[in-house]
Amino acid sequence: MSPEEPPSPSRRALLRSGVAAALGTGLAGCGFLPEDRNAFGNPDRPIDVKADGDLVYFNWADFVTPAVFDGFEKEYGVKVIQSNFDSMEGMAAKLNAGNRYDIIFPTVKWAQRLADGRRLLLR
């Protein structure tokens, strides 16, 4: 590698960037839209969304760096309550036990199973 070439990003850096993007995209989908989507009038007008409590987050263990949660808590004034799983079966067991989460990260296969069983509300 010549001195002019920037170093290639590490796998960990790529994963962190991907997770941050996925978290941001997932959290962006946590907004509220009424049944009548025209109820807001002008669709281009920003919606004033307010946090209604802590964010209960459910994902693979050690998947997101704690700094992401710290920044989210500071920006939105809510606490992130993190719960983790180590397998899709473990995730399903916690959901079947009645635990409720605001955002979860199942695989596509398990998301379809949960949606088919009416255990997952997609927004």
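- Nearest heavy atom pair, residue Arg100 against residue Val56, reads O-CG1, 3.7 Å.
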**Prompt:** Could you go step by step and tell me if Tyr57 and Ile81 meet the side-chain contact (heavy atoms from CB on, under 4.5 Å) rule?
**Reply:** CA-CA 6 Å; Tyr57 171 89; Ile81 300 169; over 6 Å; no
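- The line from CG of Asn59 to CE of Met91 is 10.5 Å long, rounded to the nearest 0.5 Å.
- Using modelled atom types, one side-chain atom of Ser87 and one backbone atom of Gly90 make a donor-acceptor pair closer than 3.5 Å.
- Taking the six-membered ring where the residue is Trp, Phe85 and Phe58 present perpendicular rings, their angle passing 60° and hence far from 30°.
- Leu95 is listed as a side-chain neighbour of Tyr101, based on a closest heavy-atom distance under 4.5 Å.
- Using modelled atom types, one side-chain atom of Asp54 and one backbone atom of Lys79 make a donor-acceptor pair closer than 3.5 Å.
- Although no hydrogens or angles enter the test, the distance criterion places a donor-acceptor pair under 3.5 Å between the side chain of Lys94 and the main chain of Asn84.
- For the residue pair Gly53 and Val78, the shortest heavy atom distance occurs at O-CG1, 3.4 Å.
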**Item:** Chi angles and distances behind the side-chain contact (heavy atoms from CB on, under 4.5 Å) call for Ile104, Leu114
**Value:** CA-CA 11 Å; Ile104 65 171; Leu114 293 168; 4.1 Å; yes
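- The side chain to side chain contact (heavy atoms under 4.5 Å, CB included) check on Thr107 picks up Met88, Lys109, Trp110, with sequence neighbours excluded.
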